[in-house]
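One structure is given here, and the rest of the page talks about it.
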Amino acid sequence: HSKIPKNLGLRLPENPSQILQTTDKVFAVPRMYAPRDDDEFEDHLEDINGNDFDIDDEEAVDGNSGIVDIEDQQLPESLSEESESEKSETSFQDLCKEQAAHQASSDDWPVAGDSYQSLYERNNMVLDIPLHDDLAKADVVKSLMDYALRVTRPGSILNALEFEQEDPVQTIMVPLTGDGSPVESSHRIKDADKTSGENKYDAIRFFPGGFHLALELHRIRGKFFEDTFGFFVSRWRSTLGRQKWIMEPQDPNDLLEEIYEYILAHYRCAADCLAEQLSCNELSPVQVNNHMMQRAATCPFAMAVLLELRFAEVTIIMRDSEKSGPRGDVDLFLTGMRFSLILFTVTHAVKYVRICTEFLHWWATSSDAEKILFKNFIYTKLTAHGRPIWADRCVEKTMMHLRMFLGKHKGQGQDVKVLHSALGMQDHLEKRQGAKELHEHDETRSNDVSWNDHERPISHVFVQTYLACKNINLYGEGPMHFKKTTANSDQSEENTESDQLLQTPAGEKLNEEMLKCISIGKSRGPAYYQKFYIDSQNQVSRSEEDMGLTGIQTTAQKLKDGFDKKIAQATSINADELSKVCTKKILIEEMNKVPDSPGTYPRPFNLLAAKKMDLAKALCLKRGRYFRMCPEAKQEIINRITMQERGGASSNAERQQELLDLFYQLDPDVAAAFEETRSILRALN
C-alpha cells in the first residue's frame, strides 16, 4: 500500500504540497471532465484564480479531471449503463466532448465576488435518497455499499472515457462517511467479505465522521468523569437534566459554549493560588502547569480533575481539527483520535475502539493518493460561506434544510415530499436567500476573525467554577476541604479521613484505578491491535474476553452497583437473581468454588452443555447446603470481597510516576517558548 502504482488517477510531484496548494482552487470546479486541451485548461484556471498557471505537459494530463467529490458525484444518465451499451464509439466520443465543453464553460465556474453560493453549489453535491430504511441494520448498510459500487462503476467509467495515461479516481477507492453504527457494521461486512474470499468490497472505504466521533468523545468523557466534572457543573446547572445537557450532549456545540470558561477558571484559580504562595504577580504558564502537576501528585482528587481537564482539551483539539485551514487539519484530527482512543479503551466503548483502530490502520497503510483525496474531498465539506465542516456535519445541515420545508412531523405523502424537496433543494435555497436579501438580511459574513480569537465576556460558568475550586482548596496549600454527611443528619462536617483517598468533595469514595486510566488505555490499544490486526486478521465477531476492554467504574454509584453484583454472584441462593448477574462461565466457576458437602445432589450432568437456568438452580442447591452447614462462610465471603473492593490509597510516588506520561506533560519546545517570552518581557520592562 505504501507504493503508488503508475496508473493511479493522481500523479504526485516531487513536493506533494504543490497539490495541496492548488487543490482548493482548481479542483473545486463543478465538473466531471476537464477540457482535453492543456491551453484551454490554463485559460480557465486564469479566469478562476486571477493567476497565470504554467502546467507542464507531463502533469497536465486528463487525470486532473478525475479529482472530484466521488461521494456525491453522479454520472450522467447516458453513462450509467454497463459497457455493453449499443452506442457507437464515435457517438459516444462526441457525447464526452459535448459534456466536457458544457462543464468547462466559464459561466458554470465559481468566481470571486459571487453574492451567494449554497452548500450544494460549493461542494458540487446532489441530494439523493437511495433507500428508506434503518441504518442500524447490517443489511441496509450492505445495500448502501452495493449502491456505492454501482454508482461509481470503475470499469465502465474507465472504458467509457478511454483514458490513455491514467485512471479516474473512482478506481482508487469508493469512500463513504457516516456515524458510528453504519461505519462499524461496514467493517464487519468487509471482514466477512475478505474471509469468504470474495473481496467484493475491497474498494469501499467507510470513514468515521468527525462530528459523531467528537460527540461520542463528549458523552463518554461526561460519563467517565461524572462525579468530578459533575461536581463543578452542578454549581451552575441546578437540575440533573440541565447537567446532562452538557455532560452527555446531543450536539458538541452545546458543551463548547461553556467548556472554555470552565477550563479557564481552573487555570486562573491555580495561578492565583500560586501567586499567593510565591507572593508575586509575574507567573508564566509553565509555572502554573507545574503547580497543578505538583498538586495532583499530593492530592488524588486534584489528579482526577487534571485528568479530566486534559480530556477537555482533547475536545478542543477535535473542534480545531475541523476549522483549522481551508479544508480542516487531518493531522490534528489524528492526534485527537489517538487521545480519544485511550478513553474509549477504558470505558468499554468497543464500537469506537474498532472504528478508530480501523481508521488508524488504514491511514498507516494507505497510499499517498488516498490520503490526499481524504484530506481535500472526504474529510470536510465547505459551508455556503466557504468554511470547512466535517462531512457528517454537512449531512446534518441537509437534514436541517429538509426540515425547513417539511417541518418536524410526518404527514400524508411525506416520502414524496422529501424526494421533491431533495431534488429541488438548490432552487429552494436560492429563493430563500433572495427573500432575505430583499429584507436586507443577507447571510454573508464580514467577520473573518478566527473562531479561537473571538472575545466574549465571562459568565456565571467561570465565576461558579472558580469559587468551587477556592472553596474546596483544590489548588491551595494544605489538605482539601472534603465534607461528609452524618448518618442521622443532613448537615455536613469536615472529613478527617486521609487526604490520600480518592473521593469527591462530598466524601464519596471513587475508584483509584481511574487515576491509572492513561497507562491502562495505552497498554490496551496496542494489545487490541496485535490481537485483531496482526495475530488474527479480518475477525468478524470479537468476544468480550478477547477484546479485554472492561470498563473502569469511576462513579460512586457504579462502584456500589458493581460491589452489589459481586456479592450476589458469590453468595446468592436465588436462581432468578443468579441468572441475571452471572454468565454461564461465572456460574461454572462459582459451582467449582463451593466445597462438596455430604448429602444428596442433583443427578450429575454436563456443566458446559447445561442451560443457564439449570446451572443457576444447581448452584443454589449446592451453595444453600454449604451455607447451612457453615453459617459463617457467607459472612467471610462478604468480608473478603469488601476488602478487595476497598483497596488501598494510591501513594504520592505512584501518582508522580503516572504524571510522567506525556499525556500530562507540556511539550519541551512549548515550555521553552513560554519561558523565553517571559524573559523577553522582563528585559523590555
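For the atom pair CE of M591 and CG of L621, the computed distance is 9.0 Å after rounding to the nearest 0.5 Å. Taken to the nearest 0.5 Å, the OG atom of S366 stands 8.0 Å off from the CZ atom of R205. Taken from CD in Q539 to CD in Q537, the straight-line distance is 11.0 Å, to the nearest 0.5 Å. Taken to the nearest 0.5 Å, the OG1 atom of T571 stands 7.0 Å off from the CD1 atom of I637. We find the CD-CD distance between Q243 and E248 to be 11.0 Å, quoted to the nearest 0.5 Å. How far CE of M318 is from CG of L256: 11.0 Å, rounded to the nearest 0.5 Å.
When every heavy atom of I259 is checked against every heavy atom of A312, the shortest pair comes out as CD1-CB, 4.0 Å. Nearest heavy atoms, L255 versus P249: CB-CG, 4.5 Å. Contact between L578 and Q569 at its shortest, heavy atoms only, is CD2-O, 4.2 Å. Contact between S579 and M613 at its shortest, heavy atoms only, is OG-CE, 3.7 Å. The two atoms that bring G178 and V183 nearest to each other are O-CG2, 3.6 Å, heavy atoms only. The two residues D392 and G210 make their nearest non-hydrogen contact at OD1-N, 3.4 Å.
Side-chain atoms of S238 never come within 3.5 Å of backbone atoms of S234 as a donor-acceptor pair (strictly under, hydrogens ignored). Of the possible donor and acceptor atoms, one in the side chain of R524 sits under 3.5 Å from a partner among the backbone N and O of T345. Checked by atom type and distance alone, the side chain of K142 never pairs as donor or acceptor with a backbone atom of S185 at under 3.5 Å. Listed for the D193 side chain is a donor-acceptor partner under 3.5 Å among the backbone atoms of N199. Although no hydrogens or angles enter the test, the distance criterion places a donor-acceptor pair under 3.5 Å between the side chain of S536 and the main chain of K531.
For the residue pair E261 / T465, no side-chain donor-acceptor distance below 3.5 Å is found, with atom types taken as modelled. With hydrogens and angles left out, the side-chain atoms of T228 and E308 include no donor and acceptor closer than 3.5 Å. No hydrogens or angles considered: a donor-acceptor pair under 3.5 Å links the side chains of E258 and W236. In the model, R237 has no side-chain atom that pairs as donor or acceptor with a side-chain atom of Q464 under 3.5 Å.
For F374 and F207, the distance between ring centers is under 6.0 angstrom. A centroid separation of less than 6.0 Å is found between the aromatic rings of F229 and Y262. In this structure, F344 has its ring center no closer than 6.0 Å to that of Y528. Here the two rings, on H361 and Y529, have centers that are under 6.0 Å apart.
Looking only at side-chain heavy atoms (C-beta outward), V174 and Y201 stay at 4.5 Å or farther from each other. Looking only at side-chain heavy atoms (C-beta outward), I317 and F333 stay at 4.5 Å or farther from each other. A 4.5 Å side-chain heavy-atom check between T177 and P208 finds every atom pair outside the cut-off. Counting only heavy atoms from C-beta outward, the side chains of S321 and V330 never approach each other to under 4.5 Å. With a 4.5 Å cut-off on side-chain heavy atoms, F311 and F225 count as touching. Side-chain contact between W362 and F206 is absent, with no heavy atoms from C-beta onward closer than 4.5 Å. Within the 4.5 Å cutoff, no side-chain heavy atoms of Q250 are placed close to those of W245. Residues I472 and F231 meet the side-chain proximity criterion, which asks for heavy atoms closer than 4.5 Å.
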- Just do the side chain to side chain contact (heavy atoms under 4.5 Å, CB included) check on I342 and C517 with the steps written out, would you? CA-CA 8 Å; I342 297 174; C517 74; 5.7 Å; no

- Query: Would D179 and F211 count as a side chain to side chain contact (heavy atoms under 4.5 Å, CB included) if you check the C-alpha gap in whole Å, the side-chain angles of each, and the deciding distance to 0.1 Å?
  - Reply: CA-CA 8 Å; D179 57 10; F211 173 79; over 6 Å; no

- Under the side chain to side chain contact (heavy atoms under 4.5 Å, CB included) criterion, do H218 and M247 qualify, and how do the steps go? CA-CA 7 Å; H218 287 316; M247 294 182 67; over 6 Å; no

- Task: Give the intermediate values and the outcome of salt bridge (charged side-chain N to carboxylate O under 4.0 Å, His left out) for residues E589 and K593.
- Result: CA-CA 6 Å; E589 291 175 353; K593 287 180 183 179; 5.5 Å; no

- Item | Test log, rule side chain to side chain donor-acceptor pair (under 3.5 Å), inputs S519 and E658 | CA-CA 7 Å; S519 58; E658 187 74 15; 3.2 Å; yes

- Going through the checks in order, is the side chain to side chain contact (heavy atoms under 4.5 Å, CB included) test met by R295 and N473? CA-CA 11 Å; R295 185 62 172 169; N473 195 31; 3.9 Å; yes

- Trace of the salt bridge (charged side-chain N to carboxylate O under 4.0 Å, His left out) decision for K190 with D202: CA-CA 7 Å; K190 288 192 65 175; D202 275 355; 5.8 Å; no

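Other residues, nucleotides and ligands contribute more than 12 heavy atoms inside 6.0 Å of the CD1 atom of I520. For Q665, the CD atom counts as densely surrounded, since its 6.0 Å shell holds more than 12 non-hydrogen atoms of other residues, nucleotides or ligands. Environment of NZ in K580: sparse, with no more than 12 heavy atoms of neighbouring residues, nucleotides or ligands closer than 6.0 Å.
Comment: K137 engages D133 in a salt bridge, judged by a side-chain N to carboxylate O separation of less than 4.0 angstrom.
Applying the side-chain hydrogen bond (donor to acceptor under 3.5 Å, both in side chains) test to residues at least two apart or on different chains, the pairs with a partner in residues 349-359 are D191-R354, E358-Y533.
Results of the salt bridge (Lys or Arg N to Asp or Glu O under 4.0 Å) test with D661 over R655, K516, R310, K522 single out K522 as the only residue that passes.
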